[in-house]
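Structure, as structure tokens:
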Number of protein chains: 2
Amino acid sequence: MSSSIENKCKEKGVRLTDQRKLIAKVMSESENHPDVDELHKQVSKQDSKISIATVYRTVKLFEEAGILEKHDFKGAKARYEKVSDEHHDHLIDINTGEIVEFVNEEIEKLQKQEAEKHGYKLVDHRLELYGSKIKKK
Amino acid sequence: MSSSIENKCKEKGVRLTDQRKLIAKVMSESENHPDVDELHKQVSKQDSKISIATVYRTVKLFEEAGILEKHDFKGAKARYEKVSDEHHDHLIDINTGEIVEFVNEEIEKLQKQEAEKHGYKLVDHRLELYGSKIKKK
DNA sequence: ATAATTGCAAATGCTTTGCTTGTGA
DNA sequence: TCACAAGCAAAGCATTTGCAATTAT
């Protein structure tokens, strides 16, 4: 069966090679925003010949096609996730690197207002929260 | 006379060399969040022998001493600004790279709440707005 | 005096690219 | 078929680092 990302490739007319199908599959199933190295490690399990250059080229291609989203979190390598229907921001665990996704309409609205206040149309934004787990007693 | 950053260096026991004094002076007077290359270009006007490596080492040192703040805005090289008394976030003009600083207590509060909602103590955050100027008619 | 700092060039880490061979539509 | 993609190694870019010479305290 074809992965959700593979389907998006078909919709967008992105040519499907074995390598791309594999990367699409791994990213479709991934829940943890892998970086390129991790992704390469994963796909290598199924195709030991796949080159890291191909992984780089593919994530870039998918990003430009609006299929993957790239994140440059503080002090870390670029990480990728599949684009989802609704926008969300990220809360990053500074101890484990674990990521929690969240949606906060109130903040979204205030951002737009803030930009307008300065005479700007809000085109894009980046909101990242960095925190440490509060331990339960 | 000594610049504001130079004074901070004295307070924090950071050894002052001619190169550091110069970088301190330029950054103290700078209003536009320069990247390392721009900064190197500026200081080179007064000391043509200063090395880019020294500029890199110095901004890093100043950052670790809490004197400068580093920003990795989307798709650009690292830019630096002097640490100011009150925290602020940034609105970046996607056409010119110009930066508008803003403070929004409401958003700050909501960020803290959002983190807590997920069981995290908010330790740090990054909020960047990217926009384009609305032209007046 | 002497531990820290500089300048230089080489090394690094991540990412991109040129080129030749291979392949999907 | 044949424009496009893959693999490899080399190149690119921002940044860091080893080392010998220099300097601040």
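Note that these values count all heavy atoms, side chains included, but never hydrogens, waters or copies made by symmetry. Labels below follow one simple rule: chain letters A, B, ... track the order of the sequence lines, proteins then strands, and each chain is numbered from 1.
Within 4.0 Å of B:Ile50, counting heavy atoms only, lie sugar-phosphate atoms of the nucleic acid but no base atom. B:Leu16 comes within 4.0 angstrom of the backbone, heavy atoms only, and of no base.
With rounding to the nearest 0.5 Å, the separation of CD in A:Glu101 from OG in A:Ser84 is 6.5 Å.
A:Asp47 has its CG atom 14 Å from the C1' atom of C:dT23, to the nearest Å. Counting to the nearest Å, the P atom of D:dT17 and the CZ atom of B:Arg57 are 10 Å from each other. Rounded to whole Å, atom P of D:dT25 lies 10 Å from atom CG of B:Asp18. If you take CD1 of B:Ile23 and C1' of C:dG7, they are 13 Å apart, rounded to a whole angstrom. Put simply, CD on A:Glu38 is 12 Å from P on C:dC14, counting in whole angstrom units. In this structure, NZ of A:Lys21 is placed 11 Å from C1' of C:dA25, rounded to the nearest angstrom. Taking atom CD of residue B:Glu64 and atom C1' of nucleotide D:dT15, one finds them 13 Å apart after rounding to whole Å. Atom NZ of B:Lys70 and atom P of D:dT15 are 6 Å apart (whole Å).
Positionally, the nearest nucleotide of DNA chain C for B:Val14 lies more toward the 5' end than for the other of A:Asp37 and B:Val14.
In summary, of the residues considered (B:Glu81, B:Arg126, B:Glu128), a side chain to side chain donor-acceptor pair (under 3.5 Å) with B:His71 occurs for B:Glu81 alone.
Remark: B:Lys117 is not positioned above the aromatic ring of A:Phe102, lacking an NZ or CZ atom under 6.0 angstrom from the ring centre and at most 45 degrees off the axis.
If you check D:dA14, D:dG7, C:dG7 against the side chain of B:Tyr56, the one that comes closest is D:dA14. Comparing C:dC14, C:dG7, C:dT17 by their nearest atom to the side chain of A:Lys77 picks out C:dC14. Listed nucleotides: D:dG18, D:dA5, D:dG7. Nearest to the side chain of A:Thr17: D:dA5.
Under 4.0 angstrom from either OP1 or OP2 of D:dA6 there lies no side-chain N or O belonging to A:Ser51. Side-chain nitrogen and oxygen atoms of B:Gln19 include at least one within less than 4.0 Å of the OP1 or OP2 phosphate oxygen of C:dG7. Contact check, A:Lys60 against C:dT15: no side-chain N or O comes under 4.0 Å of OP1 or OP2.
The base of C:dG24 lies outside donor-acceptor range of the side chain of A:Arg20, with no N or O pair under 3.5 Å. The base of D:dA24 sits with one of its N or O atoms less than 3.5 Å from a complementary donor or acceptor on the side chain of B:Arg15.
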> Is there a side-chain hydrogen bond (donor to acceptor under 3.5 Å, both in side chains) between A:Glu114 and A:His125 once you walk through the steps?
Replying inline: CA-CA 12 Å; A:Glu114 187 68 39; A:His125 74 119; over 6 Å; no

>> I'd like to know whether A:Leu129 forms a side chain to side chain contact (heavy atoms under 4.5 Å, CB included) with A:Asp89, so could you lay out the CA-CA distance, the side-chain angles of the two residues, the decisive distance to 0.1 Å, and finally the verdict.
In response: CA-CA 8 Å; A:Leu129 306 183; A:Asp89 291 303; over 6 Å; no

